[in-house]
Amino acid sequence: MANGLATAPALFAAREFPEMNNIIQRRFSQEKDLEAAYDYVQRSDGIAKSRRLAEVHMQLALQNLHIMPGTDQQVKGALVQLCHDVLNRRA
C-alpha cells in the first residue's frame, strides 16, 4: 500500500469498510491514508480472506503441476517448494 497499490487485504477490507474505497482511489496519497488503511485491514477479515484465496490458487497450481507432462521431477519438486514458500512467507 505504501507504493500506492491496493493489496488483496485492502480490497477485501473495502468490502467491509466502504470508506476504504476513497483511500484506494487516491492511491493512499493523503497524509493519514496509510494509517487508516492499515487500521481497516486489521479490523477486517481481509488478511484471512487473502490467505484463503492464495491457498486456493496454490492448490490449483499444484494440481496442474502434477499433470504437466515432460517435466523433470526435480523441477516439479522445486515448483512445489516455491508454492509453499510463497504461501508461508513473512513480510
Side-chain angles (χ1 to χ4, degrees):
M1 291 187 297
N3 294 325
L5 301 174
T7 61
L11 296 173
F12 283 122
R15 290 182 177 176
E16 292 179 54
F17 301 99
E19 54 274 25
M20 178 80 160
N21 289 310
N22 293 329
I23 295 171
I24 292 170
Q25 287 176 344
R26 43 177 195 262
R27 303 188 77 175
F28 311 94
S29 62
Q30 292 185 0
E31 186 177 334
K32 299 285 183 176
D33 281 353
L34 279 177
E35 184 180 318
Y38 285 127
D39 181 58
Y40 289 131
V41 167
Q42 292 301 314
R43 292 182 1 208
S44 75
D45 61 356
I47 293 173
K49 283 184 176 180
S50 296
R51 178 153 180 94
R52 285 192 300 272
L53 180 62
E55 288 170 349
V56 166
H57 284 279
M58 182 185 87
Q59 289 303 319
L60 290 170
L62 293 175
Q63 288 169 9
N64 286 299
L65 179 63
H66 290 298
I67 62 171
M68 203 166 89
T71 304
D72 181 290
Q73 285 305 109
Q74 188 174 3
V75 171
K76 282 185 179 182
L79 291 171
V80 168
Q81 185 61 50
L82 178 63
C83 284
H84 290 284
D85 290 349
V86 167
L87 188 66
N88 294 307
R89 73 181 172 88
R90 298 287 179 232

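Numbering of residues begins at 1 and proceeds along the displayed sequence.
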Novice: Looking at CG of Asp45 and CZ of Arg52, how far apart are the two atoms once the value is rounded to the nearest 0.5 Å?
Specialist: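 Answer for the CG-CZ pair, Asp45 versus Arg52, is 6.5 Å.
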Novice: Might you point out which heavy atoms bring Ala36 and Ile23 nearest each other, and give the distance in Å?
Specialist: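 Heavy-atom minimum between the residues: CB-CD1, 3.8 Å.
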Novice: So which heavy atom on Met1 is nearest to which on Phe28, and how close?
Specialist: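 In this case the closest contact between Met1 and Phe28 is O-CD1, 3.5 Å.
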Novice: From Leu79 CG over to Lys76 NZ, what is the distance, rounded to the nearest 0.5 angstrom?
Specialist: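 Reported to 0.5 Å precision, the distance equals 10.0 Å.
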Novice: Under the ring-ring contact (aromatic ring centres under 6.0 Å, His included) test, which residues partner Tyr40, sequence neighbours left out?
Specialist: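 Counting only residues at least two positions away or on another chain, Tyr40 forms a ring-ring contact (aromatic ring centres under 6.0 Å, His included) with Phe17.
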Novice: Could you grab the distance from atom CG of Asp33 to atom CE of Met20, nearest 0.5 Å is fine?
Specialist: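 Taking CG in Asp33 and CE in Met20, the distance rounds to 9.0 Å.
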Novice: Given side chains that start at C-beta, do those of Lys49 and Leu11 come closer than 4.5 Å, heavy atoms only?
Specialist: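 A side-chain contact is absent here, since even the closest heavy-atom pair is not under 4.5 Å.
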Novice: Do Met58 and Leu53 belong together in a cluster built from hydrophobic side chains that touch within less than 4.5 Å?
Specialist: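 No: no chain of side-chain contacts under 4.5 Å links Met58 to Leu53.
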Novice: Enter the distance from Phe12:CZ to Ser44:OG here, rounded to the nearest 0.5 Å.
Specialist: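 Reported to 0.5 Å precision, the distance equals 9.5 Å.
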Novice: At what distance, to the nearest 0.5 angstrom, does NE2 of His57 lie from CG of Leu62?
Specialist: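 One finds 13.0 Å between NE2 of His57 and CG of Leu62.
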Novice: State, to 0.1 Å, how close Ala10 and Ile24 come at their nearest heavy-atom pair, and which atoms those are.
Specialist: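 In terms of heavy atoms, the two residues are closest at O-CD1, 3.9 Å.
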Novice: Asp72 side chain to Gln74 main-chain N or O, any donor-acceptor pair under 3.5 Å?
Specialist: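 Flag set: sc Asp72 to bb Gln74 pair under 3.5 Å.
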Novice: Closer than 3.5 angstrom, by distance alone: can the side chain of Asp39 be matched with the main-chain N or O of Glu35 as a donor-acceptor pair?
Specialist: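 Flag not set: sc Asp39 to bb Glu35 has no pair under 3.5 Å.
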Novice: Only one of Asp85, Val75, Leu65 passes side-chain contact (heavy atoms from CB on, under 4.5 Å) with Val80; say which it is.
Specialist: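 Only one option passes, and that is Leu65.
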Novice: Is it true that, when you exclude Arg51 itself, more than 12 heavy atoms of the residues, nucleotides or ligands shown sit nearer than 6.0 Å to its CZ?
Specialist: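 Counting neighbours around CZ of Arg51, more than 12 heavy atoms of other residues, nucleotides or ligands fall under 6.0 Å, so yes.
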Novice: Within the supplied structure, the quantity of interest is the number of heavy atoms (other residues, nucleotides, ligands) at a distance under 6.0 Å from Glu19 CD; does it exceed 12?
Specialist: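 More than 12 within 6.0 Å, yes.
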Novice: In the structure I gave you, are the side-chain heavy atoms of Arg27 and Asn3 within less than 4.5 Å of one another anywhere?
Specialist: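 Not touching, per the 4.5 Å side-chain cut-off.
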